There are 2 protein chains.
Amino acid sequence: MLVTAPAAARRTAPAAVPGRKAVISREDLIAAALKLLGPHRSVSTLSLREVAREAGIAPNSFYRHFRDMDELAVALIDQAGRSLRKIIGEARHRATTERSVVRSSVETFMEQLSADEKLLHILLREGSVGSDAFKRAVERELQFFEDELREDLVRLAEAHGTGIYEAALVSKAITRLIFAMGATAMDMPPERHSDIAEQMIVMLRMIIVGTQTMAEQGGHRDERL
Amino acid sequence: MLVTAPAAARRTAPAAVPGRKAVISREDLIAAALKLLGPHRSVSTLSLREVAREAGIAPNSFYRHFRDMDELAVALIDQAGRSLRKIIGEARHRATTERSVVRSSVETFMEQLSADEKLLHILLREGSVGSDAFKRAVERELQFFEDELREDLVRLAEAHGTGIYEAALVSKAITRLIFAMGATAMDMPPERHSDIAEQMIVMLRMIIVGTQTMAEQGGHRDERL
DNA sequence: CAAATGTCTATACACCTGTATATTAATACG
DNA sequence: CGTATTAATATACAGGTGTATAGACATTTG
């Protein structure tokens with residue numbers, strides 16, 4: 001993978017390589033790119049020069065850290081995914097003792113959205129534009145999310161003795177739905193976010209009740225609709 | 001609305017206005033833009049000059065028809081929405097006598113996707129990037145879709161004597177889910193499209209079974225999950 | 001036919017983009 | 001110390017962009 005190779009290189013001990021000390025790092029460039037992003041500024045519209053300017057370096061110095069803007073974009077997605085998974089993971093863990101998993105996860109998700117954490121915005125917004133590498137990176141993060149959710153679902157289903165029909169599809173549906181709803185929520189005033197969260201919760205509950213009911217009936221509902 | 005005003009102006013009888021006869025029309029420009037679009041070319045990356053070049057006119061002539069590229073983009077979305085609604089409408093009508101509504105609608109949707117009709121691609125792909133006007137146009141089309149679906153759902157629920165819990169949310173969930181799944185399907189080889197369609201159908205059935213079950217139980221399921 | 005009027009083109013400007021080349025600056029090692 | 005090695009810069013180029021301005025062309029109207 002293109003992005004992990006240099007990351008691995010940096011991970012080795014910084015044992016006294018000759019040459020000039022790096023005044024700027026990949027992380028600095030990522031931070032500069034993040035600073036430029038906003039509700040009206042998407043990753044795909046950022047230019048190399050712009051990021052370099054924001055980071056306070058000459059345009060050409062950019063190449064010391066990334067092959068092109070696309071590689072930076074993938075790094076951004078990587079970071080966004082890691083951050084989101086960590087947060088949601090904590091939310092799930094926290095939830096088992098307190099409120100329901102779906103409520104606590106959804107609310108955490110929406111809190112993160114409101115917190116103007118631009119990372120989440122990237123993940124939600126730009127999954128379908130950009131280079132192939134970029135799209136694949138986003139898809140990979142969705143897949144991670146989906147897998148973790150599926151494991152949680154079957155675990156919880158067993159714990160509660162409820163059935164679950166097509167767990168993989170359930171988690172896929174939930175993931176896509178959450179991300180789609182989150183994306184539209186981004187373009188709304190924050191005071192409506194709690195409404196959206198409630199809508200999400202009802203939607204998820206429908207899916208869960210659906211899969212449970214279908215599990216009880218063996219999935220053999222007629223195709224009346 | 002910005003785009004309907006000039007459209008209305010053109011709709012008046014073309015009764016002998018003085019001046020030179022227009023050699024190119026808005027529709028020609030829209031067609032040129034469509035020709036440029038593709039799996040690796042999104043609306044937001046089209047330049048005014050590029051579209052003008054493709055249409056065979058001087059860059060400045062563009063302004064005779066659209067204020068800027070954004071206005072063209074909104075017109076594109078408009079057309080895409082109309083086209084999709086028409087097709088899905090026919091599918092729904094056709095379905096009542098033949099197979100299930102959800103199956104027939106989903107299959108029609110995916111057929112349209114495979115048919116390389118770029119219009120649908122625009123609608124699916126670029127809902128979250130671009131100007132505010134553009135995003136609002138996409139959101140409006142989704143809303144149309146959603147409203148029609150809701151009417152259909154309550155009608156069918158009454159016809160079959162099944163309940164339906166929170167019909168508005170059901171149609172919203174289905175719409176967003178279909179569009180999200182469709183967007184990811186676009187980036188996949190066509191031979192996987194039928195798989196995706198089957199996945200969609202199961203997902204939708206879960207939601208429908210869920211809303212029916214919740215209607216029977218008055219929506220008072222416990223929050224175990 | 002002439003005048004008016006709307007359509008289209010040509011030219012030009014200022015700006016921005018990615019990147020190739022050459023040069024300078026700073027650090028580590030012998 | 002000097003030298004090798006790497007980081008960062010300055011300059012420059014070719015090409016693209018949106019759009020302002022002015023003029024040419026065609027067509028309807030008086």
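In what follows, chains carry the letters A, B, and so on, assigned in the order in which the sequence lines appear, proteins first and then strands, with residues in each chain numbered from 1. Note that the structure is a prediction, hence the values are computed from the model and not measured.
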Before accepting this row, confirm whether a basic side-chain N of the pair B/Glu198/B/Arg103 lies closer than 4.0 Å to the acidic partner's carboxylate O.
yes
Taking only N and O in the side chain of B/Ser61, is any of them less than 4.0 Å away from OP1 or OP2 of C/dT7?
no
For the side chain of A/Tyr63, counting heavy atoms from C-beta on, which of C/dG18, D/dT27, C/dT9 is nearest?
C/dG18
Is it true that B/Glu166 and B/Arg150 have a side-chain N and a carboxylate O under 4.0 angstrom from each other?
no
Rounded to the Å, how far apart are A/Ile57 CD1 and C/dA25 C1'?
16 Å
B/Leu48 CG to D/dA20 P, straight-line distance once rounded to whole Å
12 Å
In this structure, how many angstroms lie between the P atom of D/dG18 and the CZ atom of B/Phe66, rounded?
15 Å
Ignoring hydrogens and angles, are the base of D/dT21 and the side chain of B/Asn60 linked by a donor-acceptor pair under 3.5 Å?
yes
Would the base of D/dT9 count as contacting A/Arg64 through its side chain, where contact means a donor and an acceptor less than 3.5 Å apart?
no
Find the distance B/Leu46:CG to D/dT17:P and express it as a whole number of Å.
10 Å
Which is it for A/Val129 and B/Arg125 under the side chain to side chain contact (heavy atoms under 4.5 Å, CB included) test, yes or no, and what are the steps along the way?
CA-CA 7 Å; A/Val129 277; B/Arg125 168 156 283 158; 4.1 Å; yes
Donor-acceptor pair under 3.5 Å, A/Arg49 side chain vs C/dT19 base:
yes
First of A/Pro18 and B/Glu50 reached from the 5' end of DNA chain D, by closest nucleotide
A/Pro18
Salt bridge present between A/Lys135 and A/Glu126 (N-O < 4.0 angstrom)
no
Please tell me if the side chains of A/Phe179 and A/Ile174 come closer than 4.5 Å, counting only heavy atoms from C-beta onward.
no
Calculate the interatomic distance between B/Asp70 atom CG and D/dG18 atom C1'; express it in whole Å.
14 Å
Expressed as a whole number of angstroms, how long is the span from A/Leu29:CG to D/dA7:P?
13 Å
Do B/Arg20 and C/dT7 have a side chain to base donor-acceptor pair shorter than 3.5 Å?
yes
B/Ala22 or A/Asp68, whichever maps to the more 5' nucleotide of DNA chain C
B/Ala22
What is the separation between atom CZ on B/Phe62 and atom P on D/dG18, rounded to the nearest whole Å?
9 Å
Nearest whole angstrom, please: distance from the P of D/dT17 to the CE of B/Met69.
11 Å
Counting only side-chain N and O atoms of A/His65, is one of them less than 4.0 Å from OP1 or OP2 of D/dA8?
yes
Given D/dT9, C/dT19, D/dG18, the nucleotide with the shortest approach to the side chain of B/Ser47
D/dG18
Ranking C/dC8, D/dG18, D/dT17 by distance to the side chain of B/Arg53, first place goes to D/dT17
